[in-house]
*Asks:* 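Here it is, the structure in full.
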Amino acid sequence: MMTQNNIYLEVYHKLLTHFGHQEWWPGESPFEVIVGAVLTQNTSWCNVSKAICNLKEAGLLNYDSFKMLSVDEIASYIRPSGYYNLKAKRLRNLLDMIEQLYFGDLDLFLSDSLGSGRNNLLSVKGVGPETADSILLYACQQPTFVIDTYTHRVFSRHQLVDEETDYDSMQDLFLSKLPEDVELFNEYHALIVRVAAKYCKKSKPLCSECPLQGVND
DNA sequence: CACCAGGCAAGTA
DNA sequence: TACTTGCATGGT
């Protein structure tokens, strides 16, 4: 393939060619995305999926039912996802924010008609930049780029960003180098998670099988 | 057995 | 400001 006009688009096309379309977020509704975004904090999706299943089977994975649950009730359903007491509180905090700032209207939050969705999400105790951006991109369809440990690891290991780069600088970099496109941001983050999970594990510094091998040459 | 997984906040100096 | 620690289940 011909070299693209910038390295960030080149990486994207290499990953897309290698892995194909990822069909993200793995959830059936915006509300499911919101819950999953909190549950997957520092946790494998496999465990999150079990917690999601518990909620789904109990018919609780919708805003109107979920918002009636106490912290202890939430915790009992999400145990497989780990940190269950902590995450139950975080979900409760998030639901309370929607109740207070968006009048309990989930659709209003999703459409972000108040225009300050990210700041409102970050004001919730337990919602940091990655969780906020995941919700904005995958539930609200807003054009933001999600940075996670995989993104940092993949790009620093291939010497495409400095090892010390922080969340906001890295996000600024992607947003400035890529066209503003929700579908592109969606697919790109999913592809990064995919390549990292397979070829860029924490304990395996190098991998000659990685489709990004030599991308920086 | 040790280590890791799609973070975040709170405590310490 | 710059580290360190707690949170917890389940897979490799």
Side-chain angles (χ1 to χ4, degrees), chain A residues 11-12 15 19 21-28 30 32-55 71-97 118-140 142 144-157 161-171 174 185-207 209-210 212:
Chain A
V11 166
Y12 172 72
L15 292 176
F19 293 108
H21 183 53
Q22 298 300 298
E23 302 280 350
W24 264 41
W25 181 286
E28 298 171 5
E32 186 171 337
V33 173
I34 291 170
V35 173
V38 172
L39 295 185
T40 198
Q41 292 172 353
N42 199 39
T43 301
S44 66
W45 184 258
C46 178
N47 282 2
V48 174
S49 185
K50 290 169 182 166
I52 295 274
C53 278
N54 287 344
L55 289 165
V71 168
D72 286 344
E73 285 173 321
I74 296 171
S76 70
Y77 289 102
I78 66 171
R79 285 187 62 118
S81 74
Y83 308 135
Y84 52 87
N85 289 313
L86 186 62
K87 287 173 178 175
K89 282 181 198 150
R90 290 176 175 184
L91 285 166
R92 185 70 261 161
N93 294 342
L94 183 48
L95 274 277
D96 289 346
M97 183 277 286
R118 193 170 195 270
N119 285 338
N120 289 338
L121 283 165
L122 292 177
S123 74
V124 176
K125 188 172 294 186
V127 175
E130 186 195 332
T131 306
D133 287 328
S134 294
I135 291 170
L136 288 169
L137 177 62
Y138 292 105
C140 305
Q142 302 248 331
T144 186
F145 204 93
V146 179
I147 307 297
D148 61 358
T149 56
Y150 283 162
T151 313
H152 183 269
R153 190 189 304 156
V154 168
F155 280 77
S156 62
R157 203 167 277 182
V161 300
D162 189 273
E163 172 69 31
E164 304 303 316
T165 306
D166 65 12
Y167 191 100
D168 289 338
S169 331
M170 209 163 163
Q171 185 182 52
F174 281 99
F185 296 164
N186 175 324
E187 189 72 55
Y188 204 160
H189 177 68
L191 286 164
I192 289 166
V193 171
R194 182 72 184 279
V195 72
K198 186 157 188 182
Y199 297 115
C200 202
K201 296 248 177 198
K202 189 172 185 179
S203 56
K204 297 181 179 177
L206 294 173
C207 182
E209 307 294 306
C210 181
L212 297 181

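Just so it is clear: chains get the letters A, B, ... in the order the sequence lines come, proteins before strands, and each one is counted from 1.
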*Asks:* What's the closest nucleotide to the A:Thr131 side chain, out of B:dG7, C:dG10, B:dA10?
*Replies:* B:dG7
*Asks:* Closest approach to the side chain of A:Ser44, judged atom by atom: which nucleotide of C:dG11, B:dA5, C:dA8 is it?
*Replies:* B:dA5
*Asks:* Does a side-chain N or O from A:Tyr83 land closer than 4.0 Å to OP1 or OP2 of C:dG6, or not?
*Replies:* no
*Asks:* To the nearest Å, give me how far apart NZ (A:Lys87) and C1' (B:dA9) are.
*Replies:* 14 Å
*Asks:* Is there a side-chain contact between A:Leu55 and A:Ile78, using heavy atoms and a 4.5 Å cut-off?
*Replies:* yes
*Asks:* A:Gly126 or A:Pro26: which one's nearest nucleotide on DNA chain B is closer to the 5' end?
*Replies:* A:Pro26
*Asks:* Can you list the steps and then say if A:Val193 with A:Trp45 is a side-chain contact (heavy atoms from CB on, under 4.5 Å)?
*Replies:* CA-CA 11 Å; A:Val193 171; A:Trp45 184 258; over 6 Å; no
*Asks:* Which is more 5' along DNA chain C, the nucleotide nearest A:Cys46 or the one nearest A:Asn42? Just name the residue.
*Replies:* A:Asn42
*Asks:* The side chain of A:Arg79 is closest to which nucleotide in this list: C:dA8, C:dT9, B:dC8?
*Replies:* C:dT9
*Asks:* Return yes if a side-chain donor-acceptor contact under 3.5 Å exists between A:Ser123 and A:Asn120, otherwise no.
*Replies:* no
*Asks:* Name the closest nucleotide to the A:Lys50 side chain, picking from B:dC4, C:dG10, B:dC8.
*Replies:* C:dG10
*Asks:* Rounded to whole angstrom units, what separation is found between the NZ atom of A:Lys202 and the P atom of B:dA2?
*Replies:* 16 Å
*Asks:* How close or far is atom C1' of B:dC8 from atom NZ of A:Lys125, stated in whole angstroms?
*Replies:* 11 Å
*Asks:* What closest approach, in Å, do A:Leu39 and A:Val48 show between heavy atoms, and which atom pair accounts for it?
*Replies:* O-CG2, 3.4 Å
*Asks:* Any heavy-atom pair between the side chains of A:Gln142 and A:Asp133 that's under 4.5 Å?
*Replies:* no
*Asks:* OP1 or OP2 of B:dC4 less than 4.0 angstrom from a side-chain nitrogen or oxygen of A:Arg153, does that happen here?
*Replies:* no
*Asks:* Without hydrogens or angle criteria, can the side chains of A:Ser169 and A:Asp166 be said to hold a donor-acceptor pair below 3.5 Å?
*Replies:* yes
*Asks:* Answer with base, sugar-phosphate or nothing: what part of the nucleic acid does A:Val124 contact at a heavy-atom distance below 4.0 Å?
*Replies:* sugar-phosphate
*Asks:* Looking across every strand, which nucleic acid part, if any, lies under 4.0 Å from A:Asn47 by heavy atom: base, sugar-phosphate, or nothing?
*Replies:* base
*Asks:* Please state whether the phosphate of C:dC7, meaning OP1 or OP2, lies under 4.0 angstrom from any side-chain nitrogen or oxygen of A:Asn85.
*Replies:* no
*Asks:* Is A:Thr151 touching bases, backbone alone, or none of the nucleic acid, heavy atoms closer than 4.0 Å?
*Replies:* nothing
*Asks:* Of all the nucleotides listed (B:dA5, C:dG10, B:dC8), which has the minimum atom distance to the side chain of A:Pro80?
*Replies:* C:dG10
*Asks:* Please determine, for the side chain of A:Pro129, which listed nucleotide (B:dC8, B:dA5, C:dG11) has the closest atom?
*Replies:* B:dC8
*Asks:* Considering just the side-chain nitrogens and oxygens of A:Thr43, establish if one lies under 4.0 Å of OP1 or OP2 belonging to C:dA8.
*Replies:* no
*Asks:* Between C:dG11, B:dG7, C:dT9, spot the one nearest the side chain of A:Gln41, thanks.
*Replies:* B:dG7
*Asks:* Which whole-number value in Å describes the distance from A:Leu122 CG to B:dG7 C1'?
*Replies:* 13 Å
*Asks:* Picking from C:dG10, B:dA9, B:dA5, which would you name as closest to the side chain of A:Arg90?
*Replies:* B:dA9
*Asks:* Take atom NE2 of A:His152 and atom P of B:dA5, then tell me their distance rounded to the nearest Å.
*Replies:* 14 Å
*Asks:* Output the rounded distance in Å from CG (A:Leu86) to C1' (B:dA9).
*Replies:* 8 Å
*Asks:* For nucleotides B:dC8 and C:dG10, find the distance between their P atoms and express it as a whole number of Å.
*Replies:* 23 Å
*Asks:* Applying a 4.0 Å non-hydrogen cut-off, can you work out what A:Val127 is touching in the nucleic acid: base, sugar-phosphate, or nothing?
*Replies:* sugar-phosphate
*Asks:* Given the P atoms of C:dT5 and B:dC3, what is the spacing between them in whole Å?
*Replies:* 15 Å
*Asks:* Between C1' on B:dG7 and CD on A:Gln171, what's the gap in Å once rounded to a whole number?
*Replies:* 15 Å
*Asks:* I want to check something: taking the side chain as every heavy atom from C-beta on, are A:Thr131 and A:Val124 in contact at a cut-off of under 4.5 Å?
*Replies:* no
*Asks:* Whole Å only: how far is the CG atom of A:Leu39 from the P atom of B:dC8?
*Replies:* 13 Å
